[in-house]
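Before any comments, here is the structure.
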Amino acid sequence: MKTRLPRLIPLAAALALSLSTFCSSAAAASSAAAPARAENAFLSQTDAAARAARVSNVAYQLDFVLNGTPTFSGTTTLRFDLNDASTPLTVDLDKATIKLLTVNGKPVTPQYNGWFITLPATSLAKGRNTVVVAYERPHSTNGEGLHRMVDPVDGRVYTYSHFEPAAAHQMFAVFDQPDLKATYQLNVIAPADWEVISSTREANVAPCTEGRRWTFPTTKKLSPYNFSMHAGPYKKWEDNSGKYPMRLFARQSVASQIRPSEWFKYTKAGLNFFDEYFGVPYQFGKYDQVLVPDFLYGAMENAGAITFAERGFMYKAEMTAEQRARLAGVIMHEMAHQWFGDLVTMQWWNGLWLNESFASFMGTLATAESTEFKDAWRAFYSQGKQAAYEQDSRSTTHPIEVPVPSTQNAFDNIDAITYSKGASTLVQLRHLLGEDVFRKGVHNYLVKYQYRNAKLDDFIGSLGEAAHRDLSGWTREWLYQPGVDTIAAEYACQAGKIASFHLKQSAPSAFPTLREQRVQVAALRRDGDAYKVDRKVAITYKGADTAVPGMVGASCPDLVYPNYDDWGYVKVQLDGRSFDSARQHLAGVPDPLLRAMLWQGLWDGVREAKLPLNDFISTVLANAPKEKDYTLLGDVLGKVAASKHYLDQIEPGSAYDRQATRQLADMAWNGAQAAKGDDNFQRRWFTTYIGLASERPDLDRLAGLLDGREKVDGLAINQDLRWAIIQRLNRFDYPGANALLEAEQARDKSDTGQAAALAATVVRPDPAVKRQWLDTVFDLQTKLPFSKLRTAMGSLYPSEQGRLAEQSADQRLAKLPELDKAAGPVYMRSYGPSLIPGGCTPDDVQRLQAAGGKLTDLSAGTRRALLDTLQESQRCVAIRQAMTAR
């Protein structure tokens, strides 16, 4: 069906203008004396600031016609005040075919380069201006703009928008920068069986020739990336039991895998918590959540219409405790953004870290205090915080606050430092200022800057005013200096008592900043088989040496931990006695958080080549089966998987590799058998077993579980587990694995099934398969959705397939500059970590060092991925040497 223009375009006007081509004519281009801004796909901070200085009071009327075809049509009516009409002004619009352009009621020939329209100064007026742009555009298939997906199960078409960091102009004509907040009035013509979801609840839905016309009331002021529109034949659930009406949407074909009651329970709890904590009521009237396919990230905080990557929240069996905790955590994270990000928004993308850090902090706090997951901070320590420590220990680390020259760089530094180090600094700041003072400062900030844009100084200033303290020094140390420091306890005992106690702080030579922060120091003594806290002291330390007089006089300890309860963002170096205690008596530490921190200390020892990997695996075999804390067991088993990853690279197929893998696999299988009756523990152990199975007896057992010849008492092999098993069998080229894959694909025609089948295909140790899919990845004109390319990239070269990976390693490195220039940041964020060739030999390191010296013109994100791969290869070589040096 041909896409129709929105009805608001006067037919005479549309006919009076000839259709513009994708790019402006040569005559129009040559007539411009100077470009209004750089002629490329990105907006610089300088150009954004210049535009914001001229433009204010922005309002959009957006009219769309959606009919399910690959192309949509739209009309943007843009109204704004202009304080200087002497020079041209640009309006962002990406890859559209412009049908009509009027400025202040007069037709204008579009001066358009495919990225933005340049409005001539002669058409503009000082004061109020109105610009109308009618256009057609293909739907996106890479997860940005207005994404379109055809459900492979039933052929239904679904669309959704995603604009962060600056992709609103892939859907409509817009000043696509966060500091030009605006109101949005939306009208949509869509098929009769479709739902349309946006920032406000629809005011009217009326039948029309093309289906139904949806009319939405004008929004409150939002930055463009916080506005959204999602449309399709979504299944809808509603819950009006709370203060705000709640709705949940998902594709019809996956509706049975959604658990609406869990969503509404945590959403209601979160809204109550945040209303009370912030002292500022939720501002967007209703709370919609939409599960969408092919999503690039985990979720997105669109005001009043939050989107979630459905792949992370579909369950073909009862949800585990881990899955419920993750659901609650993500809901809370995105909900915190409704205040911190949507209500108050950063001025430019260099402030995006504060949005994400604060949402990570508040999301964890809300999960811990308003749901059953009281151990949320422990999960944060084991997951997000460890990722931040790892990132911050790399040569490519960066400060929390960094310059962002243009929208091309907006996501260069969106990583664990942005999310988890930033959140950890806020935790630390709360301890430093006190809970009540911190909360008062946050409240004052939200009240003062609501519906406005703010900078870091505004936030820190609000906290400083509440605390009656100058926080500029803290800000310099924590937000503008990279790196993670290390603390160690240095103490001496006399006559069984501590005679002196100091905290020693050190920093890497490349990032030598020593910081001030408040921590707790704990001394523990062994009592039988258990450790008990003998003394605990809170102390604010700074500089290289801080005395801790409160510890003097305590009994000489068996174990000292200088960041007890995890107040600080700092690595801990255990003294020799404490390190030995941790290795020998882990199970005797009753506090699960301290136990987690001691496990992490041992794992840090492996990664720093101070503790041989063999010794760590022995500690795992002795202690992991005794672990009764579900969250901590998941952390330990994650370290088991990482250990196997290193073994596969260091000694693939060696006697020790096979022995250790056999022992770890037996441990996981026995754990699954022993956990009968506890579905959470059983599934955790069994999933680990699948990830360790590589020898024929284990693969035979997995194949038997598929056809019923084997079973694990109490465990149902659901569809997700079936695919995990099939992927594992194909990864190790088990006889008949390909036929199993084809049969399962015929049974499970869902898009998640298709994705699982693709991963199982690409992971096969077959040179022809690798070549075929690598060529597909290299083909930037492929018609495959990006979600499938991303799956292929992540599945091509698992750790044990080093010889196959080596066959294309030089080519993948050689293609890096070409792909980096042509493919764009979304593609490269997947390509870099997955396909830049690493390894665990001196030759691998040498190749990467040569590439690092030669490829200096890569984009910031791609170069970082290259240097990170180099550092990880160097780490693997060091771990190998530590193993063989025993």
Side-chain angles (χ1 to χ4, degrees), residues 164 297-301 312 322 325-326 328-337 340-341 346 350-368 373 375-394 396-402 411-432 438 456 459 474 477-486 511 515 517 519 563 565-572 593 596-597 599-601 603-604 607 631-632 634-635 638-639 642 829 833 861 864 868:
E164 190 180 34
Y297 310 107
M300 177 61 203
E301 66 268 20
E322 180 185 27
R326 180 174 182 272
V330 178
I331 287 174
M332 300 302 176
H333 179 106
E334 302 308 321
M335 191 178 291
H337 275 307
F340 221 95
M346 74 274 164
N350 61 316
L352 185 59
W353 75 268
L354 185 55
N355 285 4
E356 297 301 344
S357 297
F358 195 82
S360 296
F361 164 71
M362 285 304 306
T364 306
L365 183 66
T367 303
F373 305 110
D375 63 352
W377 284 113
R378 233 171 353 103
F380 173 80
Y381 169 81
S382 296
Q383 298 163 19
K385 198 166 189 179
Q386 296 314 313
Y389 283 147
E390 180 179 342
Q391 184 90 30
D392 217 8
S393 300
R394 293 174 178 168
T396 58
T397 189
H398 57 84
I400 293 176
E401 170 98 0
V402 294
F411 271 14
D412 283 354
N413 298 297
I414 298 300
D415 52 26
I417 292 175
T418 301
Y419 282 77
S420 298
K421 180 180 181 179
S424 298
T425 63
L426 294 174
V427 170
Q428 175 54 214
L429 190 55
R430 185 176 63 147
H431 284 300
L432 205 59
F438 180 85
L456 173 62
F459 176 66
W474 183 92
E477 287 181 0
W478 282 101
L479 305 184
Y480 291 109
Q481 297 298 327
V484 56
D485 298 332
T486 299
F511 309 111
R515 298 171 172 87
Q517 63 178 323
V519 297
N563 187 22
D565 277 345
D566 193 36
W567 283 14
Y569 178 82
V570 63
K571 284 196 167 186
V572 169
L593 176 57
M597 292 190 288
W599 271 110
Q600 188 60 45
W603 182 242
D604 287 343
R607 286 178 53 79
T631 299
L632 180 50
D635 178 29
K639 291 174 172 53
R829 282 196 291 271
R864 177 174 294 144
D868 286 347

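Residues take their numbers from the sequence shown, with the count starting at 1.
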Fill in: Name of the residue among Asp415, Asp392, Thr418 meeting side chain to side chain donor-acceptor pair (under 3.5 Å) with His398
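Exactly one candidate clears the test, Asp415.
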
Practice prompt. List the steps and the verdict of side-chain contact (heavy atoms from CB on, under 4.5 Å) for Ser420 and Gln391.
Written response: CA-CA 10 Å; Ser420 298; Gln391 184 90 30; over 6 Å; no

Is the side chain of [X] donor-acceptor paired with the backbone N or O of [Y] at a distance under 3.5 Å, no angle test?
X	Y	result
Asp635	Lys639	no
Arg326	Gly312	yes
Gln386	Tyr381	yes
Arg430	Phe438	no

Worksheet item: Does the side-chain contact (heavy atoms from CB on, under 4.5 Å) test come out yes or no for Lys385 and Tyr569, once each step is laid out?
Response: CA-CA 8 Å; Lys385 198 166 189 179; Tyr569 178 82; 4.0 Å; yes

Item to complete: Enter the distance from Gln600:CD to Met597:CE here, rounded to the nearest 0.5 Å.
Response: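 Answer rounded to 0.5 Å: 10.5 Å.
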
Discussion item. Whether Arg394 and Glu390 form a salt bridge (side-chain N of Lys/Arg under 4.0 Å from carboxylate O of Asp/Glu) is what I want to check.
Written reply: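 Salt bridge: yes.
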
May I ask you to test the [X]-[Y] pair for a side-chain heavy-atom distance under 4.5 Å?
X	Y	answer
Phe511	Gln481	no
Met332	Phe373	no
Glu164	Phe411	yes
Trp377	Asp565	no

Side-chain donor-acceptor distances from residues 358-367 under 3.5 Å, at least two apart:
residue	atom	partner	partner atom	Å
Ser360	OG	Glu356	O	2.9
Thr364	OG1	Ser360	O	2.8
Thr367	OG1	Gly363	O	2.7

Discussion item. Set out, in order, the CA-CA distance, both residues' side-chain angles and the distance that settles side-chain contact (heavy atoms from CB on, under 4.5 Å) for Lys421 and Ile400, then state yes or no.
Written reply: CA-CA 8 Å; Lys421 180 180 181 179; Ile400 293 176; 3.9 Å; yes

Practice prompt. Just jot down the salt bridge (Lys or Arg N to Asp or Glu O under 4.0 Å) partners of Arg829, sequence neighbours excluded, or say none.
Written response: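 With neighbours one apart ignored, the set is empty.
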
Worksheet item: What heavy-atom pair brings Met346 and Asn355 nearest, and what distance separates the two atoms?
Response: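 Smallest interatomic distance, heavy atoms only, reads SD-ND2, 3.1 Å.
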
Discussion item. Angle between ring planes, Phe459 versus Phe340, binned at 30° and 60°: parallel, tilted or perpendicular?
Written reply: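 Correct class here is perpendicular.
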
